[in-house]
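Heads up, the thing below is written out as structure tokens.
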Amino acid sequence: MSRWKGLPAELDPSTRNLVVRLRRLKDHSGLSLRQLAARTGYSTSSWERYLGGRSLPPREAVEALASVTGEDPTRLLAVWEVAAEAWSGRTATAPAAPVPVAVRAGAPAGEQDQAQAPEPAAEPGRAGSAGLVDPVGPAGAGAEPARGRAFHVAVAAGVVAVALTASAVVVLAGRVGTEDARGTAAPPAPSAAPATVSPPPDLPAYTCRVERIDGLWYAGQSTTRDAVLANGYAGPEVAEAQCLLSRAGYSPGDIDGIFGPVTERAVKRLQAEADLVVDGIVGPHTWGALRG
């Protein structure tokens, strides 16, 4: 199995899930990046960005990978759609457009890798498109409108401040006149009773009940062996993974069913010891190491 580099820390869980699945398909196929490029029509450098989490692969690239690896594309494309929606909402600088391989019929794989043609700008969904990119314009394009809005906001704030000051003077003058006429100040109005705020519901309590059944470890929270968990996830499956991490000697912190940084570090230590992809994401291979 390939020893992949860790994914960028800022990558959202849905995109992490997609990249992990693509990496797994590539590993199971036994194809090198050059062979994958030759069979899918996307360059080696493009696949390096896709599988490194630096660029979202277009839908057609995901379909091509599923085709060459014999995978049913239905579930894989459903994962891609969730990742694409999260990717399109980012505000970071858009990654460079992928460069598909210009495949010449009958050319050897080496020549196909070298014969790269710049990919034309196209909308997502068309063959060879660059996929979804962040909607960010040229640097400094919105500087002037922003300064104009700031000026108007400052003027409006000044007007409001003057109006509030004038209102305060009028109210104070009225109260002074009333005190002079009656000889005493009017009693203050009774304050409203404070609103009762209900405390948040208690988090579910998880108790590890670790036992070995048919040669596998279970902790009594979930029997899953393929659920994909990542930082930010929560639920009984996370509690199950935390219990099994603790059993194996990798402290995940509190057994609270919340996948946080401490749990992620424990997962990475387990993956490194088990010679798995060290990405901090619990998938089928990591479940195998936890239950085995």
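These numbers were taken from a predicted model, which means no experiment stands behind them.
Take V262 and apply the side chain to side chain contact (heavy atoms under 4.5 Å, CB included) test, not counting sequence neighbours, and it matches R265. Under the rule for a side chain to side chain contact (heavy atoms under 4.5 Å, CB included), the partners of V278 that lie at least two apart in sequence or sit in another chain are R3, K268, Q271, A272. Legend: residues meeting side-chain hydrogen bond (donor to acceptor under 3.5 Å, both in side chains) with E48, ordered by chain and number and at least two apart, are absent. For T69, there are no side-chain hydrogen bond (donor to acceptor under 3.5 Å, both in side chains) partners at least two apart in sequence or on another chain. The side-chain hydrogen bond (donor to acceptor under 3.5 Å, both in side chains) test applied to R21 returns N17, not counting sequence neighbours.
Clustering ILVMFWY residues whenever any of their side-chain heavy atoms sit less than 4.5 angstrom apart, transitively, puts Y250 in a cluster other than the one holding L276. Using a 4.5 Å cut-off between side-chain heavy atoms of Ile, Leu, Val, Met, Phe, Trp and Tyr, with links allowed through other members, L229 and L244 fall into the same hydrophobic cluster. L18 and L25 fall within a single hydrophobic cluster, where Ile, Leu, Val, Met, Phe, Trp and Tyr side chains are chained together by heavy-atom contacts under 4.5 Å. Under the 4.5 Å side-chain contact rule for hydrophobic residues, W80 and Y42 share a cluster. In the hydrophobic cluster analysis, where Ile, Leu, Val, Met, Phe, Trp and Tyr join through side-chain heavy atoms closer than 4.5 angstrom, L36 is grouped together with L22.
Separation of atoms CZ (R209) and OH (Y218) is listed at 15.0 Å; rounding is to 0.5 Å. The OG1 atom of T286 lies 9.0 Å from the CD1 atom of I281; values are rounded to the nearest 0.5 Å. Atoms CG and CZ, on L76 and R59 in that order, are 10.0 Å from each other to the nearest 0.5 Å. For the atom pair CZ of R54 and CG of L11, the computed distance is 11.5 Å after rounding to the nearest 0.5 Å. Rounding to the nearest 0.5 angstrom, the gap separating the CG atom in L245 from the SG atom in C208 is 10.0 Å.
Counting heavy atoms from C-beta outward, P252 and S246 have side chains that approach closer than 4.5 Å. With contacts defined as side-chain heavy-atom distances shorter than 4.5 Å, the pair H285/R24 qualifies. Residues L290 and W217 form no side-chain contact, since every pair of their non-hydrogen atoms from C-beta on lies 4.5 Å or further apart. In this structure, D226 and W287 have side chains that are not in contact, with every pair of non-hydrogen atoms separated by 4.5 Å or more. Contact annotation: the side chain of L56 never approaches that of Y50 to less than 4.5 Å [non-hydrogen atoms, C-beta and beyond]. In this structure, the side chains of L33 and L51 come closer than 4.5 Å at one or more pairs of heavy atoms. At a threshold of 4.5 Å between non-hydrogen side-chain atoms, the residues Y206 and V238 do not count as touching. Under the 4.5 Å side-chain criterion, counting only non-hydrogen atoms from C-beta, W4 is not in contact with D279.
If you check the side chains of W87 and S14, you find no donor sitting under 3.5 Å from an acceptor. The closest side-chain donor-acceptor pair between S45 and S43 falls under 3.5 angstrom.
A donor-acceptor pair under 3.5 Å is formed between the side chain of R16 and the backbone N or O of P8. Checked by atom type and distance alone, the side chain of Q35 pairs as donor or acceptor with a backbone atom of S32 at under 3.5 Å.
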> How far apart are the C-alpha atoms of L77 and V62, what are their side-chain angles, what is the distance that settles it, and do they pass the side-chain contact (heavy atoms from CB on, under 4.5 Å) test?
Replying inline: CA-CA 7 Å; L77 289 177; V62 175; 3.9 Å; yes
> For D214 and L216, what are the C-alpha separation, side-chain angles and deciding distance, and is it a side-chain contact (heavy atoms from CB on, under 4.5 Å)?
Replying inline: CA-CA 6 Å; D214 295 333; L216 299 177; 5.7 Å; no
> Going through the checks in order, is the side-chain contact (heavy atoms from CB on, under 4.5 Å) test met by V19 and L7?
Replying inline: CA-CA 9 Å; V19 175; L7 294 174; 3.7 Å; yes
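The minimum heavy-atom distance between L65 and W47, with the atom names listed, is CB-CH2, 3.9 Å. Residue A239 comes nearest to I255 through the heavy atom pair O-CG2, 4.2 Å, listed as atom of the first residue, atom of the second, then distance.
Within a 6.0 Å sphere centred on CZ of R225, other residues, nucleotides and ligands contribute 12 heavy atoms or fewer.
Within the structure, side chain to side chain donor-acceptor pair (under 3.5 Å) contacts touching residues 231-245 (residues at least two apart or in different chains) are N231-E264, E240-R291, Q242-D256, Q242-T263.
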